Protein chains: 2
Amino acid sequence: MATMTAAQRREAAKAAFDDYMAVCPAHQLLDVLGTKWASMVLTNLADGPRRYAELTRAIPGASAKMLTQTLRSLERDGFVVRSVTPAVPVQVEYALSVLGEKVLPVLTHVQDWANAHIVQIQAARERYDNQ
Amino acid sequence: MATMTAAQRREAAKAAFDDYMAVCPAHQLLDVLGTKWASMVLTNLADGPRRYAELTRAIPGASAKMLTQTLRSLERDGFVVRSVTPAVPVQVEYALSVLGEKVLPVLTHVQDWANAHIVQIQAARERYDNQ
DNA sequence: CCGCATCCTTGATGATACTG
DNA sequence: CAGTATCATCAAGGATGCGG
């Protein structure tokens, strides 16, 4: 409408933008991988399937709650497969799915770049902080 | 010490792990790129330098505060260069640094993968949610 | 035009205790 | 062993108003 106020126009633009953001694939992926523990879990599972307690030990920084939450999220997105073996007590194993294997190269690509340029980043930080 | 309790041992492990995490280059990078607006800003600057107000219009979803915060963070890490032109009123221009140009391929790599696999991810989500 | 300071709300994270 | 439930905390994000 031509009678929209500036504020209304801004709000409309923001709403449209939010819609776009919500479906932007890249952003969805970064949201998952950027999570505090997701990359850690994926990297761990890259070596092979792991049981819940093994992951707990491998990633001491994550609380049980966060580990579970991360695993659920990765499972939901189809990166990780959870399989339960009936026994006493039950055994639960987490493994990468095919999709999970496929996302690994993206992760290592990021890691390689980070390792190669972290020195420059830290130098930039010191320059910035020292004035 | 051999006299450590289990709780103490866990705490020590966690502290060591936190130290490791703090210096893990990949995680530092993901922390920045995983930020709500960082990738958006970088993608925008990929087309050329932009003034503050231009970025505000290009990214209506970000509040002024968040945009500034994001730009400061990117500037600190050396991805973005901020240049002020004395005038009335002052003009501020943001541009990618050499390092910023170099990180772009990583970003597009993520984007390409996300675009190629978003369908599978969404399918997995529906499967997971529908039971 | 650019952007800092302030206040406020909300979601993410974590510690702890408990269950099948 | 493999979680869930609850409560507490804290930082991120956002709205608003002011200053250079």
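From a predicted model like this one, the values you see are computed outputs, not experimental measurements. Below, chains carry the letters A, B, ... as their sequence lines are ordered, and counting in each starts from 1.
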List in chain and number order the residues that pass side chain to side chain donor-acceptor pair (under 3.5 Å) with S39(B), two or more places apart in sequence or in another chain; answer none if no residue qualifies.
-> none
With a cut-off of 3.5 Å and sequence neighbours excluded, list every side-chain donor-acceptor pair involving residues 60-70 of chain B.
residue	atom	partner	partner atom	Å
S63(B)	OG	M66(B)	N	3.3
T68(B)	OG1	Y52(B)	OH	3.0
T68(B)	OG1	A64(B)	O	3.0
T70(B)	OG1	M66(B)	O	2.7

Separation of atom [atom1] in [X] from atom [atom2] in [N], rounded to whole Å:
| X | N | atom1 | atom2 | value |
| --- | --- | --- | --- | --- |
| R50(A) | dA2(D) | CZ | P | 13 Å |
| E75(A) | dG3(D) | CD | C1' | 13 Å |
| E93(A) | dG3(D) | CD | C1' | 17 Å |

Any salt bridge (charged side-chain N to carboxylate O under 4.0 Å, His left out) pairs touching [range], not counting sequence neighbours?
| range | value |
| --- | --- |
| residues 109-129 of chain B | R76(A)-D129(B), D77(A)-R125(B) |
| residues 84-109 of chain B | none |
| residues 27-48 of chain B | none |

For R82(B), side chain to side chain contact (heavy atoms under 4.5 Å, CB included) partners two or more places apart | R72(B), E75(B), V84(B), V92(B), Y94(B)
ring-ring contact (aromatic ring centres under 6.0 Å, His included) with H117(A): which residues, sequence neighbours excluded?
-> W113(A)
Applying ring-ring contact (aromatic ring centres under 6.0 Å, His included), name anything that partners W37(A), two or more places apart in sequence or on another chain.
-> none
Protein N or O to nucleotides 2-12 of chain C N or O, pairs below 3.5 Å:
residue	atom	partner	partner atom	Å
dC2(C)	OP1	R51(B)	NE	3.3
dC2(C)	OP1	R51(B)	NH2	3.3
dC2(C)	OP2	A53(B)	N	3.0
dG3(C)	OP1	R82(B)	NE	2.9
dG3(C)	OP1	R82(B)	NH2	2.5
dG3(C)	OP1	Y94(B)	OH	3.2
dG3(C)	OP2	Y94(B)	OH	3.0
dC4(C)	OP1	R72(B)	NH2	2.7

Closest heavy-atom contact between G78(B) and L99(B)?
->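 Minimum heavy-atom separation between G78(B) and L99(B): O-CB, 3.6 Å.
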Contact summary for H109(A) and V106(B), nearest pair of heavy atoms = CE1-CA, 4.2 Å
Axis bend over the full length of the helix from dC1(C)-dG20(D) to dG20(C)-dC1(D), computed from five pairs that close each end, to 10 degrees =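 If I round to tens, the end axes sit 50° apart.
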Pull out every residue in residues 35-47 of chain B that has a heavy atom closer than 4.0 Å to any atom of DNA chain D, ordered by number, or say none.
->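 Contacts with DNA chain D under 4.0 Å: K36(B), W37(B).
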